[in-house]
Structure formats: structure tokens, C-alpha cells
> 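Submitted below is the structure of interest, expressed as C-alpha cells.
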Amino acid sequence: MKKISPKGMKILKTVHLLSSMMWVVGVISMGVAGVISPESGDELHMMLSVNRHIDDILVIPGAIITLITGLIYGVCTNWGFFKHTWITVKWIAAMAVTIAGTFYFNVKMERCVEITALSRDTALTNPELLGNMQITLTGTCFQAAVLVALVVISVFKPWKKKVICL
């Protein structure tokens, strides 16, 4: 496979960092919005709709672009996918967060938006909605923690192979 030029690496790194920022900031924003205590069904619906838009505009594109640029890093550079433990850990964690967010938490959030769109004020006491909101808030906090940990891993590169000089 052809390797990337130094200028190409700088572009790849810039896109990877910006998309990672979108992903992390989007998830954290959703968590912050999730702790607001709405006083009416309209406020609740608006809060959930805003979270859905944050997901659509920041989180989903950020995650997709981060994963694509990560694939490019793995295929077109010397970093690979399994050369260093820290890279493998990042891949596993990033994929787990993406899969959980897409196929579990997003479904719960969409259902919350549906419930509030149909029932407004009565949604404030709807057990399904309240349960789903608790699940999505907990999941969002967990995902935010994992994504921040991935940033830390990227900076510190723990478990790196060490070369011993004699």
C-alpha cells in the first residue's frame, strides 16, 4: 500500500483531530443538555430535539470521519492497527462506542422524541420516556468518558513498545 506524504499526513492528522473534536464535544454537549430539568412537555420535546440535532450535526459526522481517517492511518501509514496496544485499544473502544451509540442509545433517544412529539405534557410522567432518558443520559456520560480517555490515550500512547538501548 502506498504511504502518505508528509503534507498528506498533516492534512490527515488535522481532519482526524477536528472530527474527533466534533465527536467528543457533541457527546459532551448532549450530556450537558440531558441534565436540564424541563418544566413542560414543550421544553422536554425541545431539549430532546436539540440533542437529536447535536447527534446529527456533530456526533454522527464526527464519529464517521474519525473512523475513516483512523482507517486511513492504519492502512496508509506505518502505525497499522495492531502494532501498538494503545492503537488496538483505541479501535476497540471507538467501535464499541459507535455501535452502542448507533444501535442502542440512538434508538432510545428517537423513541423519546416520538413520545414527546405525541404527548407533550403527559410525557413528563411517561415511565417509558423517563426510563429511556435515564438510559441515554447514563450512556452519554459513559461515552463521553470513553471518548475523553481515547484522547488521553492518543496523547500519552501508553503500552507503547519500548526500545531498550544497550
> Is K13 atom NZ crowded by more than 12 heavy atoms from other residues, nucleotides or ligands, each under 6.0 Å away?
no
> Within this structure, what is the NZ-CG distance for the pair K83 and N78, rounded to the nearest 0.5 Å?
5.5 Å
> Do V151 and V32 share a hydrophobic cluster (ILVMFWY, side-chain heavy atoms under 4.5 Å, transitive)?
yes
> Consider only side-chain heavy atoms of I, L, V, M, F, W and Y, link residues closer than 4.5 Å, and tell whether L71 and V89 are in one cluster.
yes
> When rounded to the nearest 0.5 angstrom, what is the spacing between OG1 in T98 and CD1 in I64?
9.0 Å
> Is there a donor-acceptor contact under 3.5 Å from the side chain of D121 to the main chain of G41?
yes
> Could you walk me through whether T116 and C112 pass the side-chain contact (heavy atoms from CB on, under 4.5 Å) check?
CA-CA 6 Å; T116 59; C112 289; 5.6 Å; no
> Among L150, T102, V146, which one satisfies side-chain contact (heavy atoms from CB on, under 4.5 Å) with V97?
V146
> Examine distances only and state if a side-chain atom of T69 and a backbone atom of L12 form a donor-acceptor pair shorter than 3.5 Å.
no
> Does I57 reach the side chain of M22, with side-chain heavy atoms less than 4.5 Å apart?
no
> Heavy-atom distance under 4.5 Å between the side chains of L48 and I115, does that happen here?
no
> Do any N or O atoms from the side chain of S20 and from the backbone of G62 form a donor-acceptor pair under 3.5 angstrom?
no
> Could you tell me if the side chain of L44 sits less than 4.5 Å from the side chain of M133, heavy atoms only?
yes
> Taking the side chain as every heavy atom from C-beta outward, state whether F81 and K90 have any atom pair closer than 4.5 Å.
no
> Transitively linked via ILVMFWY side-chain contacts under 4.5 Å: I87 with I68?
yes
> Quick one: does M109's side chain get under 4.5 Å of N132's, heavy atoms only?
no
> With side chains defined as the heavy atoms from C-beta onward, is the minimum distance between R111 and E128 less than 4.5 Å?
yes
> With a 3.5 Å distance limit and no angle check, can you tell me whether K3 reaches the backbone of C76 through a side-chain donor-acceptor pair?
no
> List the residues meeting ring pair (Phe, Tyr, Trp, His ring centres under 6.0 Å) with Y104, not counting sequence neighbours, and say none if there are none.
none
> Could you measure the distance from the CG atom of N106 to the CZ atom of R52? Nearest 0.5 Å is fine.
9.5 Å
> Determine yes or no for a side-chain-to-main-chain donor-acceptor pair under 3.5 angstrom, with S19 supplying the side chain and H16 the backbone.
yes
> I'd like to know if M21 and W23 are part of one continuous hydrophobic network [Ile/Leu/Val/Met/Phe/Trp/Tyr, side-chain heavy atoms within less than 4.5 Å].
no
> If you round to the nearest 0.5 Å, how far is OG of S29 from NE2 of H53?
14.5 Å
> Might you point out which heavy atoms bring W86 and S154 nearest each other, and give the distance in Å?
CZ3-CA, 4.2 Å
> If you take all heavy atoms of I28 and A144, which pair is closest and at what distance?
CG1-CB, 3.9 Å
> Supply the atom-to-atom distance L118 CG to H45 NE2, rounded to the nearest 0.5 angstrom.
9.0 Å
> Can you confirm whether T140 sits close enough to N51 that some side-chain heavy atom of one is under 4.5 Å from a side-chain heavy atom of the other?
no
> Hey, does T66 have a side-chain heavy atom less than 4.5 Å from the side chain of L147?
no
> Looking only at heavy atoms, which two atoms of I4 and M9 are closest? And how far apart?
CG2-N, 3.3 Å
> Starting at NE2 of H84, measure out to CD1 of I153 and round the result to the nearest 0.5 Å.
14.0 Å
> For G26 versus I54, what's the shortest heavy-atom pair and its separation?
O-CG2, 3.4 Å
> Return the minimal non-hydrogen interatomic distance between I60 and D56, and the atom names on each side.
CD1-OD1, 3.8 Å
> Transitively linked via ILVMFWY side-chain contacts under 4.5 Å: F142 with V24?
yes
> Looking only at heavy atoms, which two atoms of T136 and F105 are closest? And how far apart?
CG2-O, 3.6 Å
